[in-house]
Every structure is written in C-alpha cells, then in structure tokens.
Amino acid sequence: METVVTIISLILIGGLVVAPIIIVRRVNRLKVKHNFITYLTITIIISLILIVTFAWWTDTSDRVLLA
C-alpha cells in the first residue's frame, strides 16, 4: 500500500512541474490577444487544484497507512 501512496504522490508532484509547461505550449498555439494573462490565469487555477489535491492526498494517505 505504501508503494501506491508514493506513486500517487509522485504523480501529483510531477503534475505541478509539468502542467505549466504544457499550458504555455497550448496557449502559444492559440491566437489570443493577451497570452500572458491567459497563461497566468490558467496556470494559477490548475496549480491551485493540484496543490489542494496533493494536500488532501497527503492527509488521506497518512490515515490509510495508519489503518
């Protein structure tokens, strides 16, 4: 069970690192007038979701491992 917890944690941390790179590539393909504002807004939303999920997972995984 510890291996599953570690793998999920690594996936979430990897998502925090890779998500901005993917978002900047996608935003550059779009023909948007304000690329930076679009990139910043989308990145903040995605990062916030990943950070909240990672925080929840850290607490939940500790409870699972203690049970």
Side-chain angles (χ1 to χ4, degrees):
M1 192 67 182
E2 187 175 342
T3 306
V4 174
V5 169
T6 304
I7 290 171
I8 293 173
S9 295
L10 289 174
I11 289 171
L12 288 171
I13 291 173
L16 280 171
V17 173
V18 174
I21 297 168
I22 294 172
I23 293 169
V24 78
R25 288 185 179 179
R26 300 239 182 207
V27 169
N28 283 337
R29 289 184 193 164
L30 298 175
K31 301 297 180 191
V32 181
K33 187 174 183 180
H34 304 287
N35 282 341
F36 181 72
I37 294 172
T38 305
Y39 167 73
L40 189 64
T41 305
I42 294 172
T43 302
I44 288 173
I45 292 169
I46 298 294
S47 295
L48 182 67
I49 292 169
L50 286 172
I51 290 169
V52 169
T53 304
F54 184 69
W56 170 81
W57 175 249
T58 302
D59 183 53
T60 304
S61 66
D62 287 343
R63 289 182 187 177
V64 167
L65 291 175
L66 288 174

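For this chain, numbers begin at 1 and follow the sequence in order.
- Closest non-hydrogen pair, Thr41 versus Ile37, comes out as OG1-O, 2.8 Å.
- Placement of Leu65 and Val4 within a single hydrophobic cluster is found when ILVMFWY residues are connected by side-chain heavy-atom separations under 4.5 Å, directly or transitively.
- Both Phe36 and Ile44 sit in one connected hydrophobic cluster of ILVMFWY residues. Membership requires side-chain heavy atoms under 4.5 Å apart, directly or through other members.
- For Trp57 and Thr53, the side-chain atoms include no donor-acceptor pair closer than 3.5 Å.
- Of the listed residues (Thr6, Leu12, Ile7), just one forms a side-chain contact (heavy atoms from CB on, under 4.5 Å) with Leu10, and that residue is Thr6.
- Here the straight-line distance linking atom CG of Asn28 with atom OG1 of Thr38 works out to 10.5 Å at 0.5 Å rounding.
- Taking CG of Leu40 as the reference point, atom CD1 of Ile45 lies at 10.0 Å (rounded to 0.5 Å).
- Across all non-hydrogen atoms, the minimal contact from Gly15 to Pro20 is O-CD, 4.4 Å.
- Between Ser61 and Val5, the shortest heavy-atom contact is CB-CG1, 3.4 Å.
- Distance CD1/Ile22 to CD1/Ile42: 13.0 Å, rounded to 0.5 Å.
- Residue Ile46 holds its CD1 atom at 11.5 Å from CD1 of Ile51, rounded to the nearest 0.5 Å.
- If you take CG on Leu50 and CD1 on Ile11, they are separated by 12.0 Å, rounding to the nearest 0.5 Å.
- Contact check for Val32 versus Asn35: side-chain heavy atoms found under the 4.5 Å cut-off.
- Of all the heavy atoms in Met1 and Val64, the pair that sits closest is CE-CG1, 3.4 Å.
- To the nearest 0.5 Å, the span separating CZ on Phe54 from CD1 on Ile13 amounts to 4.0 Å.
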